Amino acid sequence: MKDFLLVYNKLYNYYGAQGWWPINKNYSGKLRLNYGEKFEICLGAILTQNTSWTNVEKTLINLRKNNILNINKLRLIDINKLAELIKSSGYNNQKSKKIKQFIKFLDSDKEINRENLLDVWGIGKETADSILLYAYNKPYFVIDTYTRRIFSRLGFCDEKIDYDKLQDLFHSGLDKNFILFNEYHALVVEHAKVFCRKTPVCSSCPLNDFCEYYKDNCERLINK
DNA sequence: CGCCAGGGCCTCA
DNA sequence: TGAGGCCATGGC
């Protein structure tokens, strides 16, 4: 039986609390967010699609500097001008359209749930779950390439496992607690950056004592 | 210089 | 329903 809580505890003991969502140190980790803060998290979730957070930060700073980091300004701005302002996040012509589509969704007053979010052009499963978890405190575990990489190496799943299937493993292996999911995903991202990189740094990894990848590829070499 | 970064959509079997 | 192509910038 795979113990998702054990992995969480090991990561938490090693890295400590991460204080996500990491937009702004003044309110990262806050549980009660105002409308503007929630909107900013949604924006970040779209902008960080296949993109490093450092690039997204540049964009958010640029938007704030131009005093348009709010829904009212972004609703009115020309889409091509928006694309220019978010250039540092990459895929800017797609993402400007995604932001416009997302604002149109918010303006429609439909319920903000997973099904409706997935109907919005540009919002897939990870972005939807990030929005639900980090902006709306809903217990959806966020699956990303880091999650697949770490947990397939640990031996919990196949590397190419379907999004919903891996999410189901987390949902059935943990209490459905949004604070836990929030912290856990943040720890996964940190761990993937520090040790479980594409080319992993296994020797001093805090999880290597029960990692299948480590057992198969490292232990023999070290103990020879 | 090449690689990679907290995806998602479209197309084509 | 799954693989492959496409989108784009910046750090290292």
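Note that the structure is a prediction, hence the values are computed from the model and not measured. So you know, we letter chains A, B, ... as the sequences are listed, proteins then strands, and number each from 1.
No contact: Lys95(A) has no heavy atom under 4.0 Å from any strand. Here Gln94(A) lies in heavy-atom contact (under 4.0 Å) with a base. At the heavy-atom level, Arg149(A) lies under 4.0 Å from the strands shown only through sugar-phosphate atoms. No contact: Ser89(A) has no heavy atom under 4.0 Å from any strand. As judged by a 4.0 angstrom heavy-atom cut-off over every strand, Asn92(A) is placed among residues touching the sugar-phosphate backbone only. Residue contacts for Ile46(A): at a heavy-atom cut-off of 4.0 Å it reaches no nucleic acid atom on any strand shown. Here Gly124(A) lies in heavy-atom contact (under 4.0 Å) with sugar-phosphate atoms only.
By the side-chain hydrogen bond (donor to acceptor under 3.5 Å, both in side chains) test, Thr127(A) pairs with Gln49(A), sequence neighbours left out.
Base pairing of dG11(C) is made with dC3(B), judged by Watson-Crick or G-U wobble geometry with both donor-acceptor distances under 3.5 Å. Pairing for dC10(B) goes to dG4(C), judged as Watson-Crick or G-U wobble with the two contacts each under 3.5 Å.
Under a cut-off of 6.0 angstrom, the local environment of CZ in Arg197(A) is sparse, with at most 12 non-hydrogen atoms contributed by other residues, nucleotides or ligands.
Between the OH atom of Tyr91(A) and the C1' atom of dG7(B) there is a distance of 8 Å, rounded to whole Å. Nucleotide dG7(B) holds its C1' atom 10 Å from the CZ atom of Arg148(A), rounded to whole Å. Across the protein-nucleic acid pair, Asn93(A) atom CG and dT9(C) atom P stand 8 Å apart, rounded to whole Å. Between the C1' atom of dA5(B) and the CD1 atom of Ile150(A) lies a distance of 15 Å, rounded to the nearest Å. In this structure, the CH2 atom of Trp53(A) is 12 Å from the P atom of dG7(B), given to the nearest Å. A straight line from NZ of Lys165(A) to P of dT1(C) spans 9 Å, rounded to a whole angstrom. Distance, Glu159(A) CD to dG2(C) C1': 16 Å, rounded to whole Å. In this entry the distance linking NZ of Lys98(A) with C1' of dC9(B) reads 7 Å, nearest Å.
Checking the phosphate oxygens (OP1, OP2) of dC4(B), no side-chain nitrogen or oxygen of Lys193(A) falls inside 4.0 Å. In this model, the phosphate group of dC10(B) is approached by a side-chain N or O of Trp121(A) to a distance below 4.0 Å at OP1 or OP2. Checking the phosphate oxygens (OP1, OP2) of dG8(B), a side-chain nitrogen or oxygen of Thr127(A) falls inside 4.0 Å. Of the side-chain N and O atoms in Thr145(A), one or more sit less than 4.0 angstrom from OP1 or OP2 of dG7(B).
Phe195(A) and Tyr214(A) have their aromatic ring centers separated by at least 6.0 angstrom. In this structure, Phe178(A) has its ring center at least 6.0 angstrom away from the ring center of Tyr136(A).
Comparing dG8(B), dG11(C), dT9(C) by their nearest atom to the side chain of Thr54(A) picks out dG11(C). Taking the side chain of Ser88(A) as heavy atoms from C-beta on, and the options dG7(B), dT9(C), dC4(B), the nearest nucleotide is dT9(C). Among the nucleotides dG8(B), dA3(C), dG11(C), the one closest to any side-chain atom of Lys160(A) is dA3(C).
Toward the 5' end of DNA chain B, the nearer of the two residues Leu118(A) and Thr51(A), judged by each one's closest nucleotide, is Thr51(A).
The main-chain N or O of Ile68(A) is never found under 3.5 Å from a side-chain atom of Asn66(A) such that the two would form a donor-acceptor pair.
Between Lys10(A) and Asp209(A) there is a salt bridge, since a side-chain N of the basic residue sits under 4.0 Å from a carboxylate O of the acidic one.
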